[in-house]
Amino acid sequence: MPFADVGSGIKPSSGAKLFFFEVDGVTPKNTFSDQLASPTPNINPVESDSNGVFGDIYISGKYKVTLKDRDLIQIFGGAEIEELFLASSTVTPIIAEYATTLDLIASTATSSVGDVAGTSGYASKGDGGAESWVQNGVTGQAPSQSPAQLGDGKLLNDGNGTQWGLASGVLKAADATYRIPSDFLTLQDAVDTLYKSVQSGVTNSVNLLIESGYAPASGLTVKLGNYAGFVISSEDALVTVDPAWEDDASFIKAVCATAPTLNCLVDMTNKGDNGYYLKDASTGYVAPNCGVLNVGGLGEFGIGAGIFLNGACRAVARNSIFTGSPRNVWISHESNYYGDFGNYSGSVGDTNVYIARSSIAGVSYSDMTNSAGSGLRVRRAQVTALAADVSNAAFDGILAQEGSRIIANDQGTTDAFLAENCGQHGISADRSFVDFTGGSTKGAAGSGVRATNGAEAIMTGATLSTTLSPSGTGINSSASTIRAAGAVITSTVGNSISAFELSTIEATGITINLSGGRSIDIGDASTVNIKSGNITDPASDNIRVQGASTLNASGATVTGSAFDIVCNNGSTANLSGATTSSGAANPADTNFTVFNAIEGNKGIIWG
């Protein structure tokens with residue numbers, strides 16, 4: 001063990017010493033210099049050679065370690081370490097040492113999958129055949145009778161007909177399938193038993209097959225290891241858990257580990273805290289058309305999720321299915337999620353998909369419809385949701401908060417981003433950025449787009465309308481910026497555009513008609529540009545500009561109202577080349593209410 005391995009950037013001289021203690025930090029604890037059945041203890045402390053390199057150190061269990069230089073000056077102290085090998089509490093999985101391979105062939109000793117046996121030679125001790133062999137789970141074989149029957153020397157069968165392969169992994173047994181519950185009663189039993197076999201390389205992968213009609217009553221938890229060699233599959237199209245499933249148990253939970261692959265679709269029947277739960281730098285993979293439905297428990301943080309990543313975790317779940325849970329997808333605390341083309345619809349809680357706390361997620365082309373809360377909620381995070389669908393949410397289609405960034409445009413495809421018929425706003429952005437160019441928020445009960453507190457929304461070419469709410473507004477901006485060139489706003493219950501508190505709306509070429517209130521209402525020193533737009537048929541005054549605000553309507557058509565433009569309270573309106581109900585824009589026309597800029601500094605209109 002080179003010294004560089006015991007501490008980042010620490011390079012001791014010769015004679016450095018590593019002291020190993022029990023976890024109390026006081027009682028000395030042995031380490032070992034080999035992996036024999038009866039291992040050889042190292043001297044404690046272990047001393048480095050003239051190059052600052054330590055010899056082999058094997059550990060068993062947990063330790064506290066202190067490093068001192070040759071003069072016994074401490075470099076660090078009390079560092080906690082433990083063996084990573086979880087499947088056994090012994091120092092080494094070697095169960096027996098044999099003088100020759102022939103002795104192992106003749107042995108009828110009981111062994112388990114993953115057990116390791118050592119040999120000191122082929123036909124005689126010391127003839128170059130020193131090897132370690134791993135029991136690979138293949139049984140019912142004819143015992144090998146001579147070294148010639150070993151073929152290339154990478155497999156042998158013992159006296160019980162059990163097969164052993166070289167621990168070096170030069171030749172691996174075929175991928176193994178174990179049935180749940182015929183071979184193992186639970187997923188946990190299977191993984192705990194077979195982990196050594198997968199880690200040693202004897203088996204490429206282990207398929208844990210849930211048998212037809214079987215309803216698991218418990219899930220699987222893995223920690224501090226690589227379990228990517230395990231695949232959870234099912235004979236049935238849908239696995240339904242047992243009614244006895246505990247509400248605080250996940251189907252799969254990984255803590256600081258690489259999780260098994262989820263290769264089936266699981267219905268939690270409103271039980272369990274999470275479906276596929278990755279925690280603390282874990283990674284995982286969910287196969288296409290697989291996932292978890294109908295989680296019902298409160299989860300570790302008060303709300304359950306179909307898939308939950310928390311704490312620098314990573315998961316790939318493209319084309320997966322997570323529906324019917326309080327949160328179908330929950331990605332938090334610097335985690336990454338790739339879940340394009342997913343079905344994340346029908347949450348029964350606050351949102352279908354929740355991405356938060358510096359996380360990054362891709363859910364493009366995904367179905368996030370019919371949420372009991374929001375379709376997609378993003379808080380202090382980044383999401384790409386190209387051409388996704390968040391329609392029919394009981395609350396907001398998209399809720400972007402606290403510095404989030406969402407790219408949900410159509411990327412020039414025929415598939416637009418949809419946030420239609422939402423119970424509150426189609427898009428709601430607070431101190432965040434949302435791009436849904438070419439999208440649609442038709443039928444929102446509140447605003448089609450609502451931007452507040454410095455938010456920015458890009459809705460170039462979007463289509464908006466509102467229903468139900470008397471205050472329903474196509475675009476509602478407060479201290480924010482909205483870019484809506486070429487957008488179409490029709491049939492709003494309230495105003496088509498409301499811009500207040502220093503807002504800026506760039507809407508060149510916009511089309512607005514059939515507004516239930518005003519087409520455009522501008523105040524509080526805000527700026528609206530509708531150059532070359534087409535504004536018709538409002539129920540009230542067409543455009544009102546007030547409170548030291550600015551309107552640029554050059555080249556626009558503004559018609560269909562008793563007063564097409566009202567400009568007052570120190571505001572300005574540029575109507576160069578504009579057309580109104582009375583023809584070319586002229587402050588003297590009866591379709592304007594004009595206040596003399598000199599008498600009271602009320603407003604200015606020019607054409």
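Heavy atoms only: backbone and side chains are in, while hydrogens, waters and symmetry mates are out. The structure presented is a predicted model; accordingly, all values stated were derived computationally and were not measured.
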query: Under 6.0 Å between ring centres, would you say that holds for Tyr227 and Tyr195?
result: yes
Check the side chains of [Y] and [X] for a donor-acceptor pair under 3.5 angstrom, ignoring hydrogens and angles.
X      : Y      : result
Arg377 : Gln401 : yes
Ser33  : Asp56  : no
Thr481 : Glu456 : no
Asp435 : Thr437 : yes
Thr261 : Asn263 : no
Asn328 : Ser347 : no

Considering all heavy atoms, the nearest [X]-[Y] contact:
X      : Y      : result
Phe417 : Ala385 : CD1-O, 3.5 Å
Thr351 : Val353 : OG1-O, 3.1 Å
Phe341 : Ser366 : N-OG, 3.3 Å
Val239 : Cys264 : CG2-SG, 4.4 Å
Ile427 : Ala419 : CD1-CB, 4.2 Å
Ser320 : Tyr344 : OG-OH, 3.5 Å

message: Using side chain to side chain contact (heavy atoms under 4.5 Å, CB included), reason through Leu194 and Tyr178 one step at a time and then give a plain yes or no.
response: CA-CA 10 Å; Leu194 301 171; Tyr178 294 91; 3.4 Å; yes
Looking at side-chain heavy atoms only, is the closest gap between [X] and [Y] below 4.5 Å?
X      : Y      : value
Val295 : Tyr276 : no
Val363 : Met368 : yes
Ile252 : Ile232 : yes
Asn421 : Ser391 : no
Val434 : Ile458 : no
Ile407 : Arg405 : yes
Val378 : Leu399 : no
Ser282 : Tyr277 : no

field: Stepwise side chain to side chain contact (heavy atoms under 4.5 Å, CB included) test for Tyr365 and Leu386
entry: CA-CA 6 Å; Tyr365 313 103; Leu386 308 179; 4.2 Å; yes
Quick check for you: to the nearest 0.5 Å, what is the distance between [X] atom [atom1] and [Y] atom [atom2]?
X      : Y      : atom1 : atom2 : value
Tyr214 : Ser182 : OH    : OG    : 10.0 Å
Thr283 : Leu309 : OG1   : CG    : 9.5 Å
Asp396 : His425 : CG    : NE2   : 5.5 Å
Arg314 : Tyr337 : CZ    : OH    : 14.5 Å
Arg380 : Ser332 : CZ    : OG    : 8.5 Å
Asn44  : Phe20  : CG    : CZ    : 7.0 Å

Salt bridge (charged side-chain N to carboxylate O under 4.0 Å, His left out) involving Glu211 - partner list, sequence neighbours excluded: Arg179
[X] side chain to [Y] backbone, donor-acceptor under 3.5 Å:
X      : Y      : answer
Glu334 : Ala312 : no
Asp273 : Ser250 : yes
Asn274 : Phe308 : no
Asn476 : Ser447 : no
Ser432 : Ala429 : no
Thr441 : Gly426 : no
Gln188 : Thr221 : yes
Ser335 : Cys313 : yes
Ser325 : Arg327 : no
Ser374 : Leu376 : no

message: Applying side chain to side chain contact (heavy atoms under 4.5 Å, CB included) to Leu18 and Val65, what does each step give before you reach the verdict?
response: CA-CA 7 Å; Leu18 278 171; Val65 181; 3.6 Å; yes
task: Please work out which of the three classes, parallel, tilted or perpendicular, describes the rings of Trp330 and Phe301, given edges at 30° and 60°.
output: perpendicular
query: Parallel, tilted or perpendicular: which fits the ring planes of Trp245 and Phe251, with parallel below 30° and perpendicular above 60°?
result: parallel
- prompt: Cationic tip of Lys29 within the cone over Tyr63's six-membered ring, i.e. under 6.0 Å and within 45° of the normal?
  reply: yes
field: Other residues, nucleotides, ligands: >12 heavy atoms within 6.0 Å of Glu402 CD
entry: yes
- prompt: Should the pair Glu22-Lys62 be classified as a salt bridge under the 4.0 Å nitrogen-to-oxygen rule?
  reply: no
query: Residues in side-chain hydrogen bond (donor to acceptor under 3.5 Å, both in side chains) with Asn343, at least two apart?
result: Ser345
message: Between Val231 and Val206, is the side chain to side chain contact (heavy atoms under 4.5 Å, CB included) condition met? List the steps.
response: CA-CA 6 Å; Val231 180; Val206 170; over 6 Å; no
field: Option among Thr323, Thr269, Asp267, Asn270 that satisfies the side-chain hydrogen bond (donor to acceptor under 3.5 Å, both in side chains) test with Asn294
entry: Asp267
task: Just do the side chain to side chain donor-acceptor pair (under 3.5 Å) check on Glu420 and Ser440 with the steps written out, would you?
output: CA-CA 6 Å; Glu420 298 182 343; Ser440 172; 2.5 Å; yes
- prompt: Stepwise, does the side chain to side chain donor-acceptor pair (under 3.5 Å) test hold for Thr369 with Asp389?
  reply: CA-CA 6 Å; Thr369 61; Asp389 191 348; 5.7 Å; no
